[in-house]
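Just below is one structure, and these are the notes that go with it.
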Amino acid sequence: MDTLVAMAQQELQLPPLVEPGPELSVEEIERYSRHLIIPEVGMVGQRRLKNAKVLVIGAGGLGSPSLLYLAAAGVGTIGIIDDDVVDTSNLQRQVIHGVSDVGRLKAESAREAIAGLNPLVSVQLHPVRLDSSNALEIFSGYDLILDGTDNFATRYLVNDAAAILGKPYVWGSIYRFDGQISVFWEKYGPNYRDLYPEAPPPGSVPSCAEGGVLGMLCASVGSVMVTEAIKLITGIGQTLLGRLMIYDSLALTWREVKVRKDPDAEPITELVDYEAFCGILPAGAASAADGSAISVRELADMLASRDRGQAEFELIDVREPGEYEIVSIPGSVLVPKGRIVDGDGLAPFAGKQLVFHCKTGVRSAEALAAAKKYGFEAAVHVDGGVVAWVEQIEPAKPTY
């Protein structure tokens, strides 16, 4: 029976998501002529694209190529959700932005780039942080959502909001050299919770900011996401609904995994607190950090006292070597979190006062929890980590 269900999902021909819009103008016919001569797209398919409203969550690594290709394809209305600003470290992969955009809102920078590529497209900006209070209202104005966010809380939020509203969405994910893409549509097949019923333990899956990502991987995955969006809008081809594509850029291989709908899953009827659901900090780390966190200004005072011989402690950076090479706090020693958690990295510091830090304070809180289990009860960690240090103490240092 499971095999028959899987085959039925695979062979399901989805109806076009969008009705054809108005007739194309002479300018549009000239611009989209290479689409119009494809029998599967043609004039009707291009009019569906013209009439489509697509929301892209994030104008970052995956959002950049997605937004550009959606605009080039002639999608009539493109929405952008992003409240972040362009940083120099973004330019390695977020190709919709340029050097002159550093410091600007990503949404505004992306809108300007789209206007330069295709002024016939309407762009709607939502420069807000997507959360349970605004997701349903924003999503309701669009036919399709593209989600390329890099955190689990937002992924589950997008999934649940789309399921409640009955809307399909294309999901993409990248990390270092690997990518994943799928289509979720509660009405016709599985959703994200069928693929990942539970969020992974906090800190077990590094973000791109922590682990890095090959810049051009964004183009590979983003272009597939837009291809899926075009197929959904026009009703052509076989979408990735019920299938997960896994891309290994080092081996240059694609692998397909079937995704089935869980027949026993509870229906999604409301949005929840997704940060609590995913646990931004593990319970043990949050408990350990409570009352054992110091600010970067307190750390600066402690380091000054240590330099004068008035204090003794070890400042331990629990990030990875690549991060440490980019920027570090003076006087710190590198011991990656994994070595702290397994206890091996703590052996040289027996009997000493320990201060842990990472990029923002998440991993250092986990290291703190582990250290306390190994008997370092007086250990503390630095709230805000290297990011706060660069912002408040040494703004001339590079960041990442």
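Throughout, residue positions are numbered sequentially from 1 according to the sequence presented.
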Let me confirm one number: the CG-CG distance from D248 to D178, rounded to the nearest 0.5 Å.
5.0 Å

Could you go through F177 and Y247, starting from their C-alpha distance and side-chain angles, then the distance that decides it, and tell me whether this counts as side chain to side chain contact (heavy atoms under 4.5 Å, CB included)?
CA-CA 8 Å; F177 302 101; Y247 177 50; over 6 Å; no

Parallel, tilted or perpendicular: which describes the rings of Y188 and W185, with under 30° parallel and over 60° perpendicular?
perpendicular

We want to know whether S292 and K372 form a side-chain donor-acceptor pair, criterion being a heavy-atom distance below 3.5 angstrom.
yes

Would you check if there is a donor-acceptor pair between the side chains of K231 and Q238 at a distance under 3.5 Å?
no

Could you walk me through whether R176 and L214 pass side chain to side chain contact (heavy atoms under 4.5 Å, CB included), step by step?
CA-CA 5 Å; R176 291 187 174 169; L214 190 69; over 6 Å; no

Say whether, by atom type as modelled, one donor and one acceptor occur between the side chain of E28 and the main chain of S25 under 3.5 angstrom.
yes

Please report the interatomic distance CG(L157) to CG(L136), rounded to the nearest 0.5 Å.
8.0 Å

In terms of hydrophobic clustering (I, L, V, M, F, W, Y; side-chain heavy atoms under 4.5 Å; direct or indirect links), are L252 and L250 co-clustered?
yes

Check ion pair D143-K53 (N to O, under 4.0 angstrom):
no

Could you check whether any side-chain N or O of Q46 sits under 3.5 Å from a backbone N or O of S33, counting only pairs where one atom can act as donor and the other as acceptor?
no

Within-4.5 Å side-chain heavy-atom neighbours: R31 and N118
yes

Going through the distances and angles, do K106 and E108 end up as a salt bridge (charged side-chain N to carboxylate O under 4.0 Å, His left out)?
CA-CA 5 Å; K106 288 183 180 180; E108 292 180 353; over 6 Å; no

P127 and L105: which non-hydrogen atoms are nearest, and at how many Å?
CB-CD1, 4.3 Å

Is it true that E186 and K261 make a salt bridge, defined as a side-chain N closer than 4.0 Å to a carboxylate O?
yes

Same cluster (ILVMFWY, side-chain, under 4.5 Å), V44 and L144:
no

Within a reach of under 6.0 Å around CD of Q310, are more than 12 heavy atoms found that belong to other residues, nucleotides or ligands?
yes

Restricting to non-hydrogen atoms, name the atom on L70 and the atom on A229 that form the minimum distance, rounded to 0.1 Å.
CD2-CB, 4.3 Å

When you check the gap from the basic side-chain N to the acidic O, do D160 and R193 get nearer than 4.0 Å?
yes

Should we count OH of Y142 as having more than 12 external heavy atoms under 6.0 Å?
yes

Is it true that R363 and E323 make a salt bridge, defined as a side-chain N closer than 4.0 Å to a carboxylate O?
yes

For N191, does its backbone N or O pair with a side-chain atom of D194 as donor and acceptor, under 3.5 Å?
yes

Restricting to non-hydrogen atoms, name the atom on R243 and the atom on K258 that form the minimum distance, rounded to 0.1 Å.
CG-CD, 4.3 Å

Measure up the F184 and W171 rings against each other and bin them: parallel (under 30°), tilted (30 to 60°), perpendicular (over 60°).
tilted

Would you please test L240 and V170 for side chain to side chain contact (heavy atoms under 4.5 Å, CB included) and show each step?
CA-CA 9 Å; L240 284 176; V170 183; over 6 Å; no

Value for CD (E256) from CE (M245), rounded to nearest 0.5 Å, stands at 5.5 Å

Exceeds 12 heavy-atom contacts within 6.0 angstrom, atom CD of E312
no

What distance do I81 atom CD1 and I138 atom CD1 have between them, rounded to the nearest 0.5 Å?
4.5 Å

Measuring from atom CD of Q180 to atom CD1 of I174, what distance do you get when rounded to the nearest 0.5 angstrom?
11.5 Å

Can you check whether V272's main-chain N or O pairs, donor with acceptor, with S132's side chain at less than 3.5 Å?
yes

Is there a path from V56 to I181 through hydrophobic residues (I, L, V, M, F, W, Y) whose side chains come within less than 4.5 Å of each other?
yes

S140 side chain to E137 backbone, donor-acceptor under 3.5 Å:
yes

Grab the two heavy atoms, one from A107 and one from D82, that are nearest each other, plus how far apart they are.
CB-O, 3.9 Å

Just so I know, are the side chains of D87 and V102 near enough to count as touching, which here means a heavy-atom distance under 4.5 Å?
no

Ion pair check, E19 and R47, cut-off under 4.0 Å
no

Output the distance between atom OH (Y324) and atom CD1 (I326), rounded to the nearest 0.5 Å.
13.0 Å

Using modelled atom types only, decide if a donor and an acceptor are shared between the side chain of R260 and the backbone of G242 within a distance under 3.5 Å.
no

For E228, the option from L241, I233, V183 that meets side chain to side chain contact (heavy atoms under 4.5 Å, CB included)
V183

Please confirm whether the backbone N or O of L55 pairs with a side-chain atom of Q124, one donor and one acceptor, at under 3.5 Å?
no

Between D147 and T149, does a side chain to side chain donor-acceptor pair (under 3.5 Å) hold up when you go through it step by step?
CA-CA 6 Å; D147 176 23; T149 55; 2.7 Å; yes

Can any side-chain N or O of N151 pair as donor or acceptor with the backbone N or O of T154 at less than 3.5 Å?
yes

For D383 and A293, indicate whether the former's side chain and the latter's backbone hold a donor-acceptor pair under 3.5 Å.
no

Check against side chain to side chain contact (heavy atoms under 4.5 Å, CB included), E394 and V390:
CA-CA 5 Å; E394 295 189 77; V390 170; 5.8 Å; no

Smallest separation among heavy atoms of L62 and S173, with atom names
CD1-N, 3.9 Å

Could you walk me through whether Y156 and Y274 pass the ring pair (Phe, Tyr, Trp, His ring centres under 6.0 Å) check?
CA-CA 7 Å; Y156 283 101; Y274 292 91; 7.4 Å; no

Testing the 3.5 Å rule here: is there a donor-acceptor pair between the side chains of N159 and Y196?
no

Consider only side-chain N and O atoms of D317 and S332, and report whether a donor and an acceptor are under 3.5 Å apart.
no

Backbone N/O of V341 and side chain of Y374: donor-acceptor pair under 3.5 Å:
yes

Given side chains that start at C-beta, do those of I114 and L117 come closer than 4.5 Å, heavy atoms only?
no

Tell me yes or no: between the side chains of D131 and S133, is some donor less than 3.5 Å from an acceptor?
yes

Going by atom types alone, do S364 and H357 pair a side-chain donor with an acceptor below 3.5 Å?
no

Does R308, at its CZ atom, have more than 12 non-hydrogen atoms belonging to other residues, nucleotides or ligands within less than 6.0 Å?
yes

